[in-house]
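This report refers to the structure that appears directly beneath it.
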Amino acid sequence: MTLVIGPFSQILTMDQIPSSGPISDRQLPIVKDSYISVSNGAIQAIGDSSLAQDPSVELCSLGRPMVLLPGFIDVHTHICFAGSRARDYALRLEGVSYQEIAAQGGGILDTVRKTRATPETNLVDGIVHRSREALKWGVCTCEVKSGYGLSVEDELKILRSIAEAKKHSPINLIPTCLAAHMPGPEFVSAESYLEEMLEKLLPLVKKEKLANRVDIFVEEGAFSVEQARPYLLKAKEMGFKLTIHADQFSRGASLLAAEVGALSADHLEQSNEEDFLALKEAGVIPVALPGASLGLGMPFSKARLALDLGLPLVIASDWNPGSAPMGDLLTQAALFGAAEKLSCAETLAAITERAARALGSKHRGVLREGMRADFIAFPCDDYREILYQQGRLRPSRAWIAGKEIKGIL
């Protein structure tokens, strides 16, 4: 059965927008007073009222003006975790640095201890709960990292939790293996830890099809560029796609991302023109994480510069219990766009079409025939209201693979 939904005041298809660099609002593809038809989880057509006049279709009438967009895509999250780091947050407000808190037993290792002690069923429940929250903000696809296990056994537990959560989540979940978040506390060196992950963990991840993406945090207190390079090259040789936590507190990792051909480089708060040009030449997608800047009280990454240099900027939430506890991608994107002077088109592209490419997904982020029918509707008649209200206006209806998700929004 074909489902026809509408009429929508505006449909922002995000189709055929510039693939890289700046986008003006005049370049947004907007279809007015139109309907969308879906069948078998995919979009069939976008058109006028003639779509709704076919007697063989099921018609879903809206009853009020609405704006339709592709479902938002959050390409960088850590939503499989246990516990809270409110203490860390309070210490940062008193002037204690992120690195100093970690040295005092807080930080990532605090979450590792709590996550290791939590049964898999509870981790699954946590992921599903957070995915339902993400849907309220318009997110229909969410990347989820491991990284709070830091041992073969515990990283497998987390990745299996993500796999189980995929069966119960209202949205699409894309797993990433971030075993290289930082060295496990039981290991005498970063090199020995990475060697064990390569020899014992990644083959099992591949065998069980738990993830096809590998990430690493390159930073003081985690892994150096020299330690990360052989790990990433070996993971790439094993068939994993690469992404890197890059340039959050210091430079260097974005150049490594360009060198190894990563799909994306995420954070980039310290990146400069040299770094962005290297990413551009290598075809690496820059991912800004304003939630981490808000959580840590740090400057944002230079999104305006990245766009003006011709890169395809993506925005993600970095939702995690430590540096980015907010999780609200829509609010973050709106605030970040205002701070960095991004057009509405640039901000929306960064969480739809360009975000899909940061995950290597060819069937999301755009509304056109044959694409996945993942889309969200906002209760307004002008798309500019969405970012103008800076997160206060939320989607009131959502469809995943053509099926409306009810009881959450």
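The residues of the chain are indexed from 1 along the displayed sequence. Heavy-atom basis, side chains included; hydrogens, waters and symmetry copies ignored.
The line from CG of D374 to CD1 of I400 is 4.5 Å long, rounded to the nearest 0.5 Å. Considering CZ of R92 and OG of S323, their distance stands at 6.5 Å, rounded to 0.5 Å. If you take CG on L59 and CG on L3, they are separated by 8.0 Å, rounding to the nearest 0.5 Å. Summarising the geometry, atom OG1 belonging to T352 is positioned 3.5 Å from atom CE belonging to M14; distances are rounded to the nearest 0.5 Å. Atom CD of E353 is separated from atom OG1 of T13 by 10.0 Å, given to the nearest 0.5 angstrom. Annotation: the span from D88 atom CG to E100 atom CD amounts to 12.5 Å, rounded to 0.5 Å.
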CA sep, side-chain torsions, deciding dist, call: K136, L330, side-chain contact (heavy atoms from CB on, under 4.5 Å): CA-CA 10 Å; K136 294 178 183 179; L330 177 56; over 6 Å; no
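Counting heavy atoms from C-beta outward, R116 and S151 have side chains that approach closer than 4.5 Å. T115 places none of its side-chain heavy atoms less than 4.5 Å from the side chain of D154. Put simply, the side chain of V214 does not reach to within 4.5 Å of the side chain of T176, judged on heavy atoms. Two residues are said to be in side-chain contact when any heavy atoms from C-beta on lie closer than 4.5 Å; F223 and P183 meet this criterion. For the pair P170 and I408, the minimum side-chain heavy-atom distance is below 4.5 Å.
Checking T243 against R213 by side-chain atom types alone, no donor-acceptor pair falls below 3.5 Å.
Not counting sequence neighbours, the partners of R384 by the salt bridge (Lys or Arg N to Asp or Glu O under 4.0 Å) test are D382.
Between F8 and Y35, a ring centre-to-centre spacing not shorter than 6.0 Å is recorded. When ring centroids are compared, H129 and H168 stay outside the 6.0 Å threshold.
In this structure, E153 does not pair ionically with K157, as no charged nitrogen and carboxylate oxygen lie closer than 4.0 Å. Of the charged side-chain nitrogens involved, at least one lies within less than 4.0 Å of a carboxylate oxygen, so that E404 and R397 count as a salt-bridged pair.
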Going by atom type alone, with no hydrogens or angles, which donor-acceptor pairs under 3.5 Å involve a side-chain atom of residues 307-316 and a protein atom two or more places apart or on another chain?
unit_1: D308; atom_1: OD1; unit_2: R304; atom_2: NE; d: 3.3
unit_1: D308; atom_1: OD1; unit_2: R304; atom_2: NH2; d: 3.1
unit_1: D308; atom_1: OD2; unit_2: R304; atom_2: NE; d: 3.4

